[in-house]
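The structure displayed is predicted, hence computed values, not measured ones.
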Amino acid sequence: MNNLARLAEAKGKITGLSGTTSVDPGLLDEIADASDQFREATGRDFHATVATKYFTGQRRRRTTLLLPFDVASITSLALDDDGDGTYEITLVENTDYFAYRERDGDANTPIYRLEINPNGTQISAWPTPDYPRALKMVCLEGYSYELESTGLTLGANINDSATSLTATGAASKVFPGDTLVLGSEQMDVTMVSGDTVTVTRAINGTTAASHTTADTLYVRRFPRPVEGAVRRRVAMNRWDQNLGYGAGSPAMEEMAQRSAIRKATARWFSTIETYERKDRVS
């Protein structure tokens, strides 16, 4: 699902829902819808997808390469220096090139620019002459790849085709809609019952693999203002559907509700503006 907010935290924002599971399917749909709306409004993907990207060489020599998409991390970068389709040169970060993030020093913001190391010995400019697909990048495409430990470990080995796993105490730490990470594999959590977690394997371009007892379970997290905006959007939708679920006169409840909706709407658009992807000029 690649939801940008967690189910339990969204329920905590809505009065009276924290202790029930009957509303979970509907809330997950609302979280998914709000997540899609946020991605569309900002023009960027916040989840991290395994991708291979190619860049055509340039006619004029440049030492800076602006990326037309967000990159959470670079796995490998290789150069075809003669146009034969073979990537003869493997480039090393901080030796051959430097990667710059949107917020300097913040690993949970995307890489947007690569720059040749003037002291490197393998290349002196980004691919030239202009061979097609001269530069190949294997990366995690997306805004960030922040992982948070659940404090849980795998209770038993699983192979690459298992659709459920055991983790003691999972029901209090993992929730439907979470993106669960084991090793380099990302999984979508579809159901949690006690210590059994049902998953869809190998999402976001990752590869299903075997995992071993005591492997640590992680969940994907996203920028906290983004998570908060999606939670508030879901709560706002619930308010809009259910006038006045607190005590007091209907008129007063409706006034309070409308005020809360206005504030939530303002924060929603403010967060979108903060994270909106801007066009970059080389």
Using a 6.0 Å cut-off, check whether atom CG of Asn159 has over 12 heavy atoms from anything other than its own residue. yes

Under the salt bridge (Lys or Arg N to Asp or Glu O under 4.0 Å) rule, what pairs show up with a residue in residues 154-179, not counting sequence neighbours? Arg6-Asp178

Under the ring-ring contact (aromatic ring centres under 6.0 Å, His included) definition, can you give me all pairs with a residue in residues 136-182, not counting sequence neighbours? Phe46-Tyr143, Tyr143-Tyr275

Among all residues two or more places apart in sequence or in another chain, which pass the side-chain hydrogen bond (donor to acceptor under 3.5 Å, both in side chains) test with Ser193? none

Within-4.5 Å side-chain heavy-atom neighbours: Lys53 and Lys136: no

Evaluate the side-chain proximity of Leu114 to Trp126: yes if any heavy-atom separation is below 4.5 Å, no if none is. yes

Are the side chains of Arg62 and Thr64 in touch, meaning some heavy atoms are under 4.5 Å apart? no

Which residues, ordered by chain and number, are linked to Leu154 in its hydrophobic cluster, where ILVMFWY side chains connect at heavy-atom gaps below 4.5 Å, directly or through other members? Leu152, Ile158, Leu165, Val174, Leu180, Leu182, Met187, Val189, Val192, Val197, Val199, Leu217, Val219

Once side-chain hydrogen bond (donor to acceptor under 3.5 Å, both in side chains) is applied, do any residues pair with Thr213, and if so which ones, sequence neighbours excluded? Asn157

Glu185 and side-chain contact (heavy atoms from CB on, under 4.5 Å): which partner among Thr206, Ile203, Asn204? Thr206

Quick check on side-chain contact (heavy atoms from CB on, under 4.5 Å): which of Asn94, Asp96, Thr95 does Phe98 satisfy it with? Asn94

Contacts of Arg113 meeting salt bridge (charged side-chain N to carboxylate O under 4.0 Å, His left out) (sequence neighbours excluded), chain-then-number -> Glu115

Just so I know, are the side chains of Phe38 and Val226 near enough to count as touching, which here means a heavy-atom distance under 4.5 Å? yes

Test item: Thr190 side-chain N/O and Thr198 main-chain N/O as donor-acceptor pair under 3.5 Å: yes

